[in-house]
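All chains are named by letter (A, B, ...) in the order of the sequence lines, taking the proteins before the strands, and each is independently numbered beginning at 1. Given the structure is predicted, the values throughout are model-derived calculations rather than measurements.
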Amino acid sequence: MFSIQDILENPPSDEVALRGWVYRIRSSGKLSFMVLRDATNIIQCVARKEDIAEEKFKEFSSLTIESSISVTGKVSKDERAPTGYELRITDFHIFQRNDSFPVSKDISEDFELDNRHLWIRSREFNAILKIRSTVFTAFREFLLKEGFYDVQPPLMVSTATEGGATLFKVPFFGDEAYLTQSSQFYLETFIFSLEKVFTVSPSFRAEKSRTWRHLTEYWHAEGEMAWINNEGMMDVEEKLIHYIISSVIEKNEAELHILNRDIDALKESLKPFTRMRYSDLIKNSASYGMPLKYGDDLGADEERQIMSNFKTPIFVTHFPASLKTFYHQPDPSNPKEILCHDLLAPEGYGEVLGGGERIWDLNLLLERMKESGLKEEDYYWYLDLRKYGSIPHSGFGLGLDRLCLWIMHLDKITNAIPYPRTIRRLKP
RNA sequence: GCCGUCGUAGCUCAGUGGUAGAGCACUCGCCUGUUAAGCGAGCGGUCGUCAGUUCGAGCCUGACCGACGGCGCCA
């Protein structure tokens, strides 16, 4: 059995059979047009009254969108057909003729989300899923080539990474567990065995966020490297992002077109990324149209305005320690700032990645934990890393859904993931 | 946690205190090249719920219920 894409690439001269779902159907007297879709593409099929029995013609003409069907016929080039070729039907078999498909041309954002299980069949979402697949695969491919190992940290944990308020509680045999909000601390344990590690796993945040770029369950791609500093980490990340974007451009040009993604704009991000200290960003902030003072954090509005001045992502480094969590390594030349970086995507998309050098001195880490009100005994295993062969190291966390959001130039993160989980959505 | 918007037909939405509307979908016709097409006919609603004001409420007022959007937090 051929796929539709096979047929379009190598149109056979003999009769072929295809199977799939009815994407569009319209009848016009003595001929009926049906656009068939499968996983790979769409092709217009035409039934002529003269080619098949009258009853079969009627049956065909009354097909409904998303009915499942197989068709047999001859393929010919036809410029009037949506994908350039057309199959003239000699026979067909209906697996199921369904009632009217709930998802039609006029649907609201909310209705679409309620029917996401059906909406993912659409050409748009088919393209989104294919690009997601490339992004996830490319992330792994690149790091494996760089000598990283793919590791599997636990998702049910007993300690917070960022802060306690945003954890989901789960009953745990009379005790209480939490769904992980970041695997960073576990990745740090792995580097003492494997040196370069990464994981792609879900993270959970019980934040009552209601924004265009927050999810309660999101795909977190995290990496951790032994013996590397903040600058070196950014070098790896920049190559990684370049690799992911190149892969998407190479493998998903057709899908980018379906989504009306400006590929030239995306190609801009294959150029080197600007690196800018937080303090310099603040100094220049007025010229970016967003006057800020030292100590201000970058929110959605700030990032959007600042990034409207850039065509490629930028790294913002050396944030004041007060703006970030406790585990970041202070800058030796100015201990009030830390050796960290955020990667802000262009075209108004903002933060997609955060990373930096971790504190590797035991006493400093203890001090910072105390300031943050964290109990030593909860983090005994994390502290052990600083007791037994501690080394300088860095890591990062990349929001894959956010990366997909930007790469596909979508309007909100719930359109970048098939089954978004947000404060108000647990179905479907 | 803060600010805001909306509940009318299966879907998307109009609706000015005075007889409940349109487009799409669906059903039945018609059409030899359509592009979620076109033409004709048909089908379809206790206007979120409860109360109040009024001669009269989808429309005004209040409460409740439900949904959605933006910000903070972050990835």
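- Nucleic acid contact class of A/K208 (heavy atoms, under 4.0 Å, all strands): base.
- Separating the C1' atom of B/G69 from that of B/A51 is a span of 30 Å, rounded to the nearest Å.
- Separation of the C1' atoms belonging to B/C2 and B/C59 is 31 Å when rounded to the nearest angstrom.
- Look at the P atom in both B/U61 and B/G7: the space between them is 14 Å, to the nearest Å.
- The side chain of A/R424 lies closest to B/C68, out of B/C68, B/G72, B/C74.
- The ring pair (Phe, Tyr, Trp, His ring centres under 6.0 Å) with A/F198 is formed by just one residue from the set A/Y149, A/F190, A/F139; it is A/F139.
- Across B/A25 and B/G42, the matching C1' atoms stand 14 Å from one another, rounded to whole Å.
- Nucleotide B/C73 holds its P atom 15 Å from the OH atom of A/Y218, rounded to whole Å.
- Within the 3.5 Å criterion, the main-chain N or O of A/D280 finds a donor-acceptor partner in the side chain of A/N284.
- Of the candidates A/E255, A/E253, A/E347, A/E347 is the only one forming a salt bridge (charged side-chain N to carboxylate O under 4.0 Å, His left out) with A/R261.
- Atoms CD1 (A/I423) and P (B/G69) sit 11 Å apart, rounded to a whole Å.
- At a cut-off of 3.5 Å, with distance as the only test, no side-chain donor of A/S32 or A/S27 sits close to an acceptor on the other residue.
- For the P atoms, the distance from B/G21 to B/C43 is 14 Å, rounded to whole Å.
- Taking side-chain N and O atoms only, A/K105 has no distance below 4.0 Å to OP1 or OP2 of B/C24.
- Here the options are A/Q44, A/R80, A/K74, the test is side-chain hydrogen bond (donor to acceptor under 3.5 Å, both in side chains), and the partner is A/E86; only A/Q44 passes.
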Evaluate the criterion side-chain hydrogen bond (donor to acceptor under 3.5 Å, both in side chains) for residue pair A/T137 and A/T134; output intermediate values, then yes/no. CA-CA 5 Å; A/T137 305; A/T134 302; over 6 Å; no
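- The C1' atoms of B/A57 and B/G48 are separated by 16 Å, rounded to the nearest whole Å.
- In plain terms, the two heavy atoms of A/H214 and A/S209 that are nearest each other are CB-CB, 3.6 Å.
- Contact annotation: A/R425 side-chain N/O to B/C68 OP1/OP2 distance is under 4.0 Å.
- Between the base of B/G72 and the side chain of A/S209 there is a donor-acceptor pair shorter than 3.5 Å.
- Nucleic acid contact for A/R123: none, since no nucleic acid atom lies under 4.0 Å from a heavy atom of the residue.
- If you check every strand for non-hydrogen atoms under 4.0 Å, A/L215 touches a base.
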Go through the steps for A/H220 and A/Q181 under the test side-chain hydrogen bond (donor to acceptor under 3.5 Å, both in side chains), then give the verdict. CA-CA 9 Å; A/H220 212 168; A/Q181 53 182 189; over 6 Å; no
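- Rounded to whole Å, atom P of B/C71 lies 15 Å from atom CG of A/L298.
- The side chain to side chain contact (heavy atoms under 4.5 Å, CB included) with A/Y85 is formed by just one residue from the set A/K77, A/E9, A/E79; it is A/K77.
- The separation between A/D114 atom CG and B/G66 atom P is 15 Å, rounded to whole Å.
- Rounded to whole Å, atom P of B/C74 lies 14 Å from atom CZ of A/F326.
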Reading nucleotides 29-35 of chain B 5' to 3', which nucleotides get B (base under 4.0 Å from a protein heavy atom), which S (sugar-phosphate only), which -? --BBBBB
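- Rounded to the nearest Å, the gap between the C1' atom of B/U54 and that of B/C60 is 10 Å.
- With A/F310 as the partner, the ring pair (Phe, Tyr, Trp, His ring centres under 6.0 Å) test is satisfied by one option alone out of A/Y349, A/F315, A/F273, A/Y288: A/Y288.
- Set against B/A75, B/G72, B/C73, the side chain of A/A300 has B/G72 as its closest nucleotide.
- Stacking here means ring centres nearer than 5.5 Å and ring planes tilted less than 30 degrees, and by that measure A/W212 does not stack onto B/G70.
- Contact of the A/D150 side chain with the A/R140 side chain is registered, since non-hydrogen atoms from C-beta on lie closer than 4.5 Å.
- Looking only at atom types and distance, the side chain of A/N41 has a donor-acceptor partner in the side chain of A/Q5 under 3.5 Å away.
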Nucleotide N/O of nucleotides 6-13 of chain B paired with protein N/O under 3.5 Å:
unit_1: B/C11; atom_1: O2'; unit_2: A/D106; atom_2: O; d: 2.2
unit_1: B/U12; atom_1: OP1; unit_2: A/S108; atom_2: OG; d: 2.6
unit_1: B/U12; atom_1: O4'; unit_2: A/D106; atom_2: O; d: 3.2

Kindly indicate, with the supporting measurements, whether the criterion ring-ring contact (aromatic ring centres under 6.0 Å, His included) is fulfilled by A/Y382 and A/Y327. CA-CA 11 Å; A/Y382 189 61; A/Y327 51 73; 7.6 Å; no
Contact letters for nucleotides 40-45 of chain B, in which S counts primed atoms plus P, OP1 and OP2 and B counts the base, heavy atoms under 4.0 Å: ------
